[in-house]
Number of protein chains: 2
Amino acid sequence: MSRSNPRVLATLERAGGFASAQEVYRLMQREGESIGLTTVYRSLQSLLNDKIVDVLRREDGEAIYRLCGGAHHHHLVCKGCGETVEIEGGAIEKWAKTMAQEFGFRDVGHTAEIFGLCPKC
Amino acid sequence: MSRSNPRVLATLERAGGFASAQEVYRLMQREGESIGLTTVYRSLQSLLNDKIVDVLRREDGEAIYRLCGGAHHHHLVCKGCGETVEIEGGAIEKWAKTMAQEFGFRDVGHTAEIFGLCPKC
DNA sequence: AGCACAAATGAAAATGATTTTCATTCCCAT
DNA sequence: ATGGGAATGAAAATCATTTTCATTTGTGCT
Ligand SMILES: [Zn+2]
Ligand SMILES: [Zn+2]
Ligand SMILES: [Zn+2]
Ligand SMILES: [Zn+2]
């Protein structure tokens, strides 16, 4: 595997910590940085490995990467401007554990995201 | 828009109520049913419109369609065999509402899924 | 400086899901 | 039967992502 190109991370930050590989690439192009699309993909993959970013999917299936604290957490995302708040999910953790137990599931993980419009939008 | 081809829904049922468009297509082929891939996509899209199926994404981004009751609910999915249980999410509903309120978000929706290994796997 | 070798880069091709186009086939009401 | 709209599907187009592979870059060593 390869190490992440630092300019990719910098660009993701500049983008508001929330963008797809294609978007990061286009943003870098627009700002005159010379980089290949392949490198952007590789860098994001590497950041993902190192748990420096999080990935989730747009409705159309495109992967979006997001700067993220390492610990387990959930998100509140604005559908309008993309602003993201990391939130604590104690209730979810308990719910997931309870449900898994009830149906005899082992080795469980979960996803939970909230979407809406932020105060500004 | 077009109406769903009933054989597509029948096949999705036969597949355990859980499959991607490509999988439904391949399954129908294997069983000697004559149908075009385009029709499979269109039918699933239509079933989705009518809220007869649910869609979510595999890790690689492929859309999987699932027979689903119409009311709002969540899922417990087996990573091994794909078996899915519809579960009630009262705790989630409350959590989402609380969090949205706390950060002033309006017009909120949410997703929540639990993944694990079922007793048989 | 000059060399060797590994890691990083990126252009181009390959892949794979999904959508679009468009000509043909079906089906139904007149 | 017939005219027109709906349904169908083959083939092409799109689009994100991955793979290939040749080139460039960086680093340590002499
Ligand atoms: Zn907003
Ligand atoms: Zn959690
Ligand atoms: Zn199972
Ligand atoms: Zn819910």
Side-chain angles (χ1 to χ4, degrees), chain A residues 1-12 15-68 77 82 111 113, chain B residues 1-12 15-68 77 82 111 113:
Chain A
M1 224 145 282
S2 70
R3 207 173 292 113
S4 162
N5 181 315
R7 291 181 294 141
V8 169
L9 179 53
T11 305
L12 185 57
F18 193 96
S20 71
Q22 299 283 347
E23 284 166 354
V24 168
Y25 175 67
R26 284 194 289 265
L27 191 50
M28 293 181 81
Q29 296 252 296
R30 230 178 290 131
E31 300 185 354
E33 299 206 51
S34 165
I35 198 167
L37 184 53
T38 315
T39 301
V40 173
Y41 272 102
R42 273 193 291 239
S43 292
L44 289 171
Q45 197 55 52
S46 156
L47 290 170
L48 191 59
N49 269 336
D50 299 345
K51 301 209 203 309
I52 295 168
V53 303
D54 230 9
V55 66
L56 68 104
R57 301 257 165 202
R58 294 237 169 84
E59 290 221 349
D60 68 350
E62 188 178 5
I64 56 184
Y65 300 86
R66 188 163 41 183
L67 270 170
C68 237
V77 184
T111 64
E113 306 274 334
Chain B
M1 220 144 286
S2 71
R3 205 172 295 113
S4 162
N5 181 317
R7 289 180 296 142
V8 169
L9 178 54
T11 304
L12 185 58
F18 194 96
S20 71
Q22 300 283 347
E23 285 166 353
V24 168
Y25 175 66
R26 284 194 290 265
L27 190 52
M28 293 181 80
Q29 296 252 298
R30 230 178 292 130
E31 300 184 354
E33 299 206 50
S34 165
I35 197 166
L37 184 54
T38 315
T39 300
V40 173
Y41 272 103
R42 272 194 291 241
S43 292
L44 290 171
Q45 197 55 53
S46 157
L47 290 170
L48 190 60
N49 269 337
D50 299 346
K51 301 209 203 307
I52 294 167
V53 302
D54 230 9
V55 66
L56 69 104
R57 301 257 165 201
R58 293 236 171 85
E59 292 223 348
D60 68 350
E62 188 178 4
I64 55 184
Y65 300 87
R66 189 163 41 182
L67 271 171
C68 238
V77 184
T111 65
E113 305 275 334

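Remember, it's a predicted structure, so these values are computed and weren't measured experimentally. Every chain is numbered from 1, with letters handed out A, B, ... down the list of sequences.
Rounding to whole angstrom units, CZ of residue A/R3 and P of D/dT27 are separated by 10 Å. With rounding to whole Å, B/E59 atom CD is found 12 Å from D/dT18 atom P. B/L37 places its CG atom 12 Å from the C1' atom of D/dA11, with the value rounded to the nearest Å. One interatomic measurement links the two molecules: OH of B/Y65 to C1' of C/dT18, which rounds to 8 Å at whole-angstrom precision. Nucleotide D/dT17 holds its P atom 11 Å from the CG atom of B/D60, rounded to whole Å. We find that CD of A/Q45 is positioned 15 Å from P of C/dT9, with the value rounded to whole Å. Separating the CZ atom of B/R57 from the P atom of C/dA17 is a distance of 13 Å, rounded to the nearest angstrom. The separation between B/L48 atom CG and C/dT19 atom P is 10 Å, rounded to whole Å.
For the residue pair B/Q45 and B/Y41, no side-chain donor N or O sits within less than 3.5 Å of a side-chain acceptor on the partner.
When atom types are taken as modelled, the side chain of B/S46 and the backbone of B/R42 share no donor-acceptor pair closer than 3.5 angstrom. The closest donor-acceptor contact from the side chain of B/R58 to the backbone of B/E62 lies at 3.5 Å or more, if one exists at all.
Salt bridge annotation for A/E23-A/R66: absent, with no cationic side-chain nitrogen under 4.0 angstrom from a carboxylate oxygen. In this structure, B/R7 pairs ionically with B/E33, as a charged nitrogen and a carboxylate oxygen lie closer than 4.0 Å.
The stretch residues 27-36 of chain A does not touch DNA chain D, since none of its heavy atoms comes less than 4.0 Å from the strand.
Proximity of B/V77 to B/F18: side-chain heavy atoms (C-beta onward) are separated by under 4.5 Å at one or more points.
Here A/S20 contributes atom OG and A/I64 contributes atom CD1; the two are 8.0 Å apart, rounded to the nearest 0.5 Å.
Here A/N5 lies in heavy-atom contact (under 4.0 Å) with sugar-phosphate atoms only.
Proximity note for B/R42 (side chain, C-beta onward) versus D/dT8, C/dG10, D/dT17: the nearest is D/dT8. Residue B/T38 has its side chain nearest to D/dA10 when only D/dT19, D/dT17, D/dA10 are considered. Closest to the A/Y41 side chain, of the nucleotides C/dT18, D/dT20, D/dT17, is D/dT17.
Regarding contacts with the backbone of D/dG9, a side-chain N or O of B/T39 is found under 4.0 angstrom from either OP1 or OP2.
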